[in-house]
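Quick notes on the structure that follows.
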Protein chains: 2
Amino acid sequence: MKLYQLYERKQSVLREMMLQDIQIQSNTLPKLENHNIGGYSFSMVLDEKPKSQWMYSVPLNKIYIRMNKAFNVDVHFKSKMPIQPLNLRVFLCFTNDVSAPVFRCQNHLSVDPLTANNAKMRESLLRSENPNSVYCGTAQGKGISERFSVVVPLNMNRSVTRTGLTRQTLAFKFVCQNSCIGRKETSLVFCLEKACGEIVGQHVIHVKICTCPKRDRIQDERQLDSKKRKSVAEATDEDEPAKVRRCTAIKTEDTESNDSRDSDNSAAEWNVSRTQDGDYRLTITCPKKECLLQSIEGMIKEAAAEVLRNPNQENLRRHANKLLSLKKSAHELP
Amino acid sequence: MKLYQLYERKQSVLREMMLQDIQIQSNTLPKLENHNIGGYSFSMVLDEKPKSQWMYSVPLNKIYIRMNKAFNVDVHFKSKMPIQPLNLRVFLCFTNDVSAPVFRCQNHLSVDPLTANNAKMRESLLRSENPNSVYCGTAQGKGISERFSVVVPLNMNRSVTRTGLTRQTLAFKFVCQNSCIGRKETSLVFCLEKACGEIVGQHVIHVKICTCPKRDRIQDERQLDSKKRKSVAEATDEDEPAKVRRCTAIKTEDTESNDSRDSDNSAAEWNVSRTQDGDYRLTITCPKKECLLQSIEGMIKEAAAEVLRNPNQENLRRHANKLLSLKKSAHELP
DNA sequence: TCAGAGGGCATGCCCAAGAG
DNA sequence: CTCTTGGGCATGCCCTCTGA
């Protein structure tokens with residue numbers, strides 16, 4: 001090894017040590033879990049319009065969507081001082097094998113003409129509809145920063161409110177189906193990143209790209225429901241704590257862990273009343289927004305379970321979607 | 001138009017006129033019918049071994065085969081004086097659209113590495129397992145001599161008998177499935193050609209390349225059977241000639257037309273007897289081989305219909321296959 | 001009249017059971 | 001114990017029907 005090579009190597013080792021924290025995050029394999037390590041209250045709401053070409057299953061936390069159809073996500077996060085630009089890195093990975101790269105199939109690649117400056121994008125199964133999106137990674141990459149991903153800059157200036165809460169709507173689409181890539185299950189990972197690459201928040205959504213989103217969603221939900229019923233039945237047969245089991249089952253579905261969340265509910269005020277029209281009204285008052293969000297989250301989970309129990313009742317589904325909108329509104333509160 | 005162009009055009013018109021007969025045959029779209037224009041008694045037998053990975057449906061004249069598995073055909077033809085080398089040109093085309101070219105799918109192409117001298121073969125969905133096979137045609141070609149095809153030289157010297165009957169076993173396989181090419185039905189066309197390209201005989205076999213040959217064959221045969229039953233029932237409801245209808249239906253399946261076949265049966269001697277073991281024996285005697293072949297053909301059709309009526313009885317299937325072997329032996333008679 | 005939805009089919013693929 | 005076979009599922013796609 002020549003001298004200058006040794007020198008460069010030493011320099012690079014120093015740099016590596018300095019960047020170690022970031023490297024550990026972004027050069028290791030992705031993990032399919034939600035977190036808010038940076039304390040940015042990173043969260044997202046799937047904005048399923050009535051006429052939209054895709055569906056979101058609340059109980060399964062899963063998008064069902066046709067190829068080449070766009071879906072919207074509302075990204076929320078709290079700005080922190082000093083204000084700095086943040087990016088959203090999004091990539092697809094196999095739910096049961098995060099180390100395997102996700103490629104487009106040759107058949108769809110071949111009908112996507114290669115032009116002067118679309119080489120990177122062309123290889124990406126995930127497409128961002130937002131301007132200024134950058135396609136990163138290589139076919140060999142396994143770590144978060146090396147694998148194929150789309151990085152979308154989040155415009156701080158445009159949508160930040162006085163309270164420091166930022167909200168932005170993004171749109172994505174897929175240009176292959178799950179059947180193209182061996183019918184393996186896939187998940188979409190959203191990483192909130194600082195400009196230096198540090199990951200300060202992560203959110204995961206399961207994805208199925210197929211030709212009959214509705215059919216497949218109903219199928220999956222029915223299956224999940226029968227599993228739940230079965231586990232409940234077994235638990236009841238064996239011994240008492242059926243409810244505990246059930247809760248555990250629900251918990252494992254949702255791996256959310258928000259490090260900056262305050263779980264203290266002691267100061268909450270709860271109230272149910274009857275309106276003059278005969279409707280029922282629930283009022284809750286919390287000292288902290290997080291508490292409110294947590295409550296709504298719980299309502300959503302319950303609604304999701306109800307949807308599962310009665311898959312054909314559209315009004316239950318509407319109820320769940322209303323709760324999602326409520327969550328969105330809550331996020332936007334100052 | 002410039003002068004030299006006019007000249008070249010004139011020359012080419014002359015050449016074209018001279019080659020017109022051949023051009024008409026080989027540069028027009030293929031037709032999915034059997035013929036023996038050249039009087040070579042061209043015919044073939046599908047030699048389905050007990051352990052073979054493919055199946056031949058007699059009533060449907062259709063091969064069911066897995067991708068990448070080879071099947072055998074025995075080619076028969078009568079040598080004519082003066083003896084000259086003949087070729088067998090084989091190609092696949094869409095049963096319902098003979099003008100459309102048949103390509104391999106990009107997915108399978110991409111796992112078939114391109115080497116120095118396999119470019120033509122790589123693009124061909126049909127592969128010949130025989131030595132000295134030549135891959136012809138272009139992706140744009142529509143006519144018989146221009147589209148993708150494999151030409152196999154028939155070795156006259158090796159297998160010709162004293163009587164002038166030539167028999168040769170060939171093997172082919174497919175490297176894509178029907179599902180790869182839009183799930184459209186396909187047919188395999190065998191053209192017996194003189195060295196100059198003149199087509200002197202043609203034989204067509206329907207092909208389905210799939211993962212479950214047995215299931216799909218049974219499915220297709222069941223469907224054909226129900227169609228026949230229905231048409232028979234309708235005919236019976238309407239008026240008398242049910243049998244005629246049925247025969248017509250069978251006829252339309254088999255488009256064979258042998259120009260050199262002698263249909264005169266007047267000199268045939270028919271005899272049925274009982275052996276000492278109690279078996280029944282049928283003896284037929286004909287002055288001409290063609291007559292014998294024709295009789296066997298009729299028995300095959302009847303057996304095929306019986307297979308259709310009782311799809312699960314393997315002995316009927318064996319019976320049909322025995323008849324096929326009989327046909328093969330008859331072909332080999334001096 | 002046309003597009004979206006629902007039902008049904010076609011077909012690759014996986015898994016359990018049986019045979020050599 | 002491994003290979004084959006049958007059954008069943010997953011999923012793209014087509015056809016028909018109905019509502020705007």
Side-chain angles (χ1 to χ4, degrees), chain A residues 48-55 57 60 62-70 94-97 104-108 111 125 174-186 206-227 311-314 317, chain B residues 48-55 57 60 62-69 94-97 104-108 110-111 125 174-186 206-227 311-314 317:
Chain A
E48 180 186 339
K49 302 259 166 54
K51 274 284 174 187
S52 62
Q53 295 274 334
W54 55 277
M55 325 197 68
S57 166
L60 290 159
K62 192 166 181 174
I63 299 178
Y64 295 81
I65 187 169
R66 265 190 265 267
M67 199 178 91
N68 292 323
K69 300 290 178 186
F94 292 115
T95 307
N96 300 311
D97 181 9
R104 291 191 69 191
C105 78
Q106 293 291 328
N107 280 344
H108 284 127
V111 290
L125 205 160
F174 304 96
V175 290
C176 269
Q177 302 183 118
N178 277 80
S179 62
C180 299
I181 50 179
R183 306 184 170 205
K184 291 193 282 271
E185 290 180 38
T186 47
H206 302 302
V207 172
K208 181 166 187 182
I209 314 143
C210 54
T211 55
C212 306
K214 189 175 181 183
R215 173 186 67 180
D216 292 357
R217 187 201 50 147
I218 290 170
Q219 223 166 60
D220 283 0
E221 286 182 350
R222 212 186 297 274
Q223 197 174 343
L224 175 64
D225 183 42
S226 70
K227 267 185 197 165
N312 297 324
Q313 291 196 30
E314 281 301 322
R317 201 173 292 288
Chain B
E48 180 186 338
K49 302 258 167 53
K51 274 284 174 188
S52 63
Q53 295 275 333
W54 55 277
M55 326 196 71
S57 166
L60 290 159
K62 192 166 181 176
I63 300 178
Y64 295 81
I65 187 167
R66 265 189 266 266
M67 198 178 91
N68 291 322
K69 301 289 178 188
F94 293 115
T95 307
N96 300 311
D97 181 8
R104 292 191 67 192
C105 78
Q106 293 292 327
N107 281 343
H108 284 128
S110 72
V111 292
L125 205 159
F174 305 96
V175 290
C176 269
Q177 301 183 118
N178 278 80
S179 62
C180 298
I181 50 179
R183 305 184 171 207
K184 291 194 281 274
E185 290 180 38
T186 48
H206 301 302
V207 173
K208 181 168 186 181
I209 314 143
C210 55
T211 56
C212 306
K214 189 175 181 182
R215 174 186 65 180
D216 293 356
R217 187 200 51 145
I218 291 170
Q219 226 165 60
D220 284 0
E221 286 183 350
R222 211 186 297 274
Q223 197 174 340
L224 174 64
D225 183 41
S226 70
K227 267 186 197 166
N312 297 324
Q313 290 195 32
E314 281 301 322
R317 203 174 290 291

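Sequence lines set the chain letters: A, B, ... in the order given, protein chains first and strands last, and positions in each chain run from 1.
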For [X] and [N], what is the distance between atoms [atom1] and [atom2] respectively, to the nearest whole Å?
X	N	atom1	atom2	result
A:I65	D:dG12	CD1	P	14 Å
B:M67	C:dT11	CE	P	16 Å
A:F174	D:dG12	CZ	P	14 Å
A:K184	D:dT11	NZ	C1'	16 Å
B:Y64	D:dT5	OH	C1'	19 Å

Check each residue of residues 175-182 of chain B for a non-hydrogen atom within less than 4.0 Å of any atom in DNA chain D, then write out the ones that pass by number, or none.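 Those residues whose heavy atoms fall under 4.0 Å from DNA chain D, taken from residues 175-182 of chain B, amount to none.
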Identify all pairs in which a protein N or O lies below 3.5 Å from an N or O of nucleotides 15-20 of chain C, and state each distance.
none

Residues in side-chain hydrogen bond (donor to acceptor under 3.5 Å, both in side chains) with A:T211, at least two apart?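 Scan of A:T211 (side-chain hydrogen bond (donor to acceptor under 3.5 Å, both in side chains), adjacent residues dropped) gives none.
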State which residues pass side-chain hydrogen bond (donor to acceptor under 3.5 Å, both in side chains) with A:S179; sequence neighbours excluded, sorted by chain then number.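 So A:S179 forms no side-chain hydrogen bond (donor to acceptor under 3.5 Å, both in side chains) with any residue.
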Name the pairs: protein N/O against N/O of nucleotides 5-10 of chain C, kept only if under 3.5 Å.
{"from": "C:dG6", "atom 1": "OP1", "to": "A:K214", "atom 2": "NZ", "distance (Å)": "3.1"}

B:T186 pairs by side chain to side chain donor-acceptor pair (under 3.5 Å) with which of B:T95, B:N178, B:N96?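 The passing option is B:N178.
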When every nucleotide of nucleotides 15-20 of chain D is labelled 5' to 3' by its protein contacts under 4.0 Å (heavy atoms), B for base, S for sugar-phosphate only, - for none, what sequence of letters results? ------
